[in-house]
Amino acid sequence: MSDAMVQQLFTQGSLFDLQTVIDYGQSVINVAQELAKVLIDNRPLSTKTVSSQMNRYFLGTAASGAWQWKDAYEAVEVAQILYLRHLGIKILSLQPQVVVQQLEELTALCPTHTRRSEESVQLQQFSTPLPLAYLVAKAGFIKADDLILEPSAGTGLLAQMAKLHSASLMLNELASDRTKILRRLFPGTPLFSVNAEQINDYLVGKTQPSVVLMNPPFCASPKINSRNPDATKSHINSALQRLADGGRLVTITANWFSPANPSWRETFVRWHSEARVLMSVGVNGKVYSKHGTTIDTRITVIDKVPADSSEIPCISETLDLPELLALIEQLPERSPWERSEKIKAAAKAIVVQLPKRTTVAQPETVSSLPDDIVVLEYEVVEWSATEGLKDTLYETYRPQRIIIKDALPHPSLLCESAALALVSPPPPTYKPHLPSNIITQGLLSEAQLESVIYAGQAHCEFLSGSYIVDDSWDNVTVAATGEENAVKFRRGWFLGDGTGAGKGRQCAGIILDNWCQERRKAIWVSKSAALIEDARRDWCALGGSEKDIIDLSNIKLGDPIPFTQGILFCTYSTLRSQKNGKSRLKQIVEWAGKDFEGVIAFDECHAMGNAMAQEGKLGMVAASQQGIVGLRLQNALPQARVIYVSATGATKVSNLSYANRLGLWQTGDFPFTSREDFVESIEGGGIAAMEVVARDLKALGLYLARSLSFEGVQYQTLEIELTPTQERSYNSYSDAFGVIHNNLEKALEACNISGAKTYNRAAKMSAKSQFESHKQRFFNHLLTGMKCPTLI
């Protein structure tokens, strides 16, 4: 869709929401890159310049609602960050007084924030002015091996100051728009989006930072409409608890939050009894003048070490930046302390090349085991084929062979096809290892926990027989007894749940079970790069960390994967990619290691369908590359715990041709000697034969397929009459496609597809088929668009 089309849709009051058309975070970055060029040339940023670039990248004006001035000010702040990155670490080699002066001159080039949004007022979003951010970072005495937490990261001004010192970062920001910006500015950096008043609780069990730099809201809390002066105390309390022993916390607060203020004296005394308040000094409000306020602020520095006296240093009067700098330079260096191995590992930085020639440091993945791991206990029960079943196509689902104490039912009612409901899985013996809150808080429902149990049960077993895998990982042959280099394949498991059953959450649960048993490497393969956000969501929902998910696309092809543990996420298209003799598959296998026993989750595994050549209507159809490489990965890592995840896995036999870990062929568990024999035999039986296969797999404990129940749902047909304008529009498009249709033969000849001498029947049919499918898709979208106004 062109810029002009989007603008036209917007100005005409179309149903399209402009925010769904553009990428907010990237648009802000794009504007900032243009504004940074002006700052680098030492030219002032006029509101006209800012407005012009915002109109360009947000595809509309502020007056039309395409953007707000708050968004423009965010872009100006990001431009300052890009300016800092342009200067690089050389700015740190200058005299501090010179740096402060240069940063003051830089902010003077930027427009004053004169307009504020409802969100910025409610959440008190006053970003840290650049000169003050420099002094806050300087007060932290940051070193390259530090791990910095910024609990209220805003647009990243404080975080960028820490990054100049080559430190590693952990960021948190509650506002969704700012989170989108931060994810673009600091890719690969752990980024949370929680209320920082409980940051310590949210990050329980995770790596502790050695430095905290923060500028929390002064008296605002989410979901509390009135003024909340305790907000500052809550933010600092939580961050101080999260801070590692010997670490340093530097915070900006309102000037009234002072040890000299009787209202807060007790708070500072309590902190000073557990840590050491090094400094509390007021800052003249004029430093915030460019941010639309002149409120006085205060800098407080706390070391998490025992205090050497009961006196709390406090300067009541407000100082200018040069005076503040002089005080900071007199601060003692951080107390020596022995960093734990986790801190050392987390602070190691791996430089990843990113677009726009910007490099950032990505911390080594570190995640500790939860402290409260328990063995999941359950009761095995007998089952009767007629118990509780109704004479319907679908039966209400409940676990048939187990009762899990304290497990909560699935949030939505689940059902199962009658054919599968008449079959019971075997009684399991495997007991997962999971954090206790997974059950007590219902993070996994009863049905989802059942999946973790049966997946673990399957993974405890190996397929019958031993096999030889060749060096290409393509050919697998039965090995003679005692043959050298023979391997046994671990049995896999298939999850066939439909939408709403939480397949991603169940994948995360199975990985977590292995994670808690010290198998800290896993591979998560999915259909789309965007689904990494779903993987992060599901993993974090179970108490994991975003940084545990490793995006393979951020690592250069051929380079060793530098993480010693984590969940490696890639798409099927990435998995099959190769260049100049280097392949992603080999890169993954080398990272996993030949003795890899972790989980390989093939999400949306039907993307590997047609993993073998088959006879089609137009002749032989070659095997899909995605299917072939999926088989190679399974062959290369015989001890891996494979799970196949697809709601459509048992609908076509070709959608099972990649599932060699189910033992459907060659192993003796099923009466098929080869994959080809299995496909040929089942294909003739159609969907009924596939249903039999699904029943047999469930009876073996290798397959579960539940879906949302529509019990009680009512349907209503909505008849929509087309308006004369819509009818004319439809007729016009029909005429246009008629012209194309009538001239299709000439187009095929021009493309040398149906010329007299090079007539190619298969290519011609393929081209016409694609044309017809695109035509149907177009008219489907056209009619859907016409229905939307009435439907809404």
Given Tyr454 and Tyr430, is the ring pair (Phe, Tyr, Trp, His ring centres under 6.0 Å) satisfied, shown in steps? CA-CA 8 Å; Tyr454 275 104; Tyr430 175 79; over 10 Å; no
What closest approach, in Å, do Gly701 and Pro425 show between heavy atoms, and which atom pair accounts for it? CA-CB, 4.5 Å
Check: residues 434-444 side-chain donor-acceptor pairs under 3.5 Å, at least two apart:
from: Ser436; atom 1: OG; to: Asp372; atom 2: OD2; distance (Å): 2.8
from: Thr440; atom 1: OG1; to: Ser436; atom 2: O; distance (Å): 3.3

Once rounded to the nearest 0.5 Å, what's the spacing between atom CG of Asp551 and atom CD1 of Ile567? 13.0 Å
Ignoring hydrogens and geometry, is there a side-chain-to-backbone donor-acceptor pair from His459 to Arg490 under 3.5 Å? no
Residues in side chain to side chain contact (heavy atoms under 4.5 Å, CB included) with Ser528, at least two apart? Ala530, Leu531
Checking side chain to side chain donor-acceptor pair (under 3.5 Å) between Asn635 and each of Asn660, Asp470, Asn475, which is the one that passes? Asn660
Is it the case that the side chain of Glu395 and the backbone of Leu420 share a donor-acceptor pair, with hydrogens and angles ignored and the cut-off at 3.5 Å? no
Identify the two heavy atoms, one from Ser466 and one from Ala486, that lie closest to each other, and give their separation to 0.1 Å. CB-CB, 4.0 Å
Set out, in order, the CA-CA distance, both residues' side-chain angles and the distance that settles ring pair (Phe, Tyr, Trp, His ring centres under 6.0 Å) for Phe489 and Tyr467, then state yes or no. CA-CA 8 Å; Phe489 287 109; Tyr467 303 88; 5.7 Å; yes
Any donor-acceptor pair under 3.5 Å from Arg401 side chain to Val381 backbone: yes
Arg398 and Glu416: CA distance, side-chain angles, deciding distance, salt bridge (charged side-chain N to carboxylate O under 4.0 Å, His left out) verdict: CA-CA 9 Å; Arg398 61 180 177 81; Glu416 185 179 33; over 6 Å; no
Kindly determine whether Glu604 and Ser526 satisfy side-chain hydrogen bond (donor to acceptor under 3.5 Å, both in side chains), including the steps that lead there. CA-CA 6 Å; Glu604 306 288 354; Ser526 198; 5.9 Å; no
Between Ala640 and Ile600, what is the shortest heavy-atom contact and its length? CB-CD1, 3.5 Å
Measuring from atom CD of Gln625 to atom CD of Gln578, what distance do you get when rounded to the nearest 0.5 angstrom? 7.5 Å
State whether the number of non-hydrogen atoms from other residues, nucleotides or ligands found under 6.0 Å of Lys582 atom NZ is greater than 12. no
Looking only at heavy atoms, which two atoms of Gln241 and Asn200 are closest? And how far apart? OE1-ND2, 3.4 Å
If every non-hydrogen atom of Ile588 is compared with every non-hydrogen atom of Ile561, which pair is closest and at what distance? CA-CD1, 4.4 Å
Test side-chain hydrogen bond (donor to acceptor under 3.5 Å, both in side chains) applied to Gln587 and Lys556, step by step: CA-CA 10 Å; Gln587 187 182 30; Lys556 188 178 178 182; over 6 Å; no
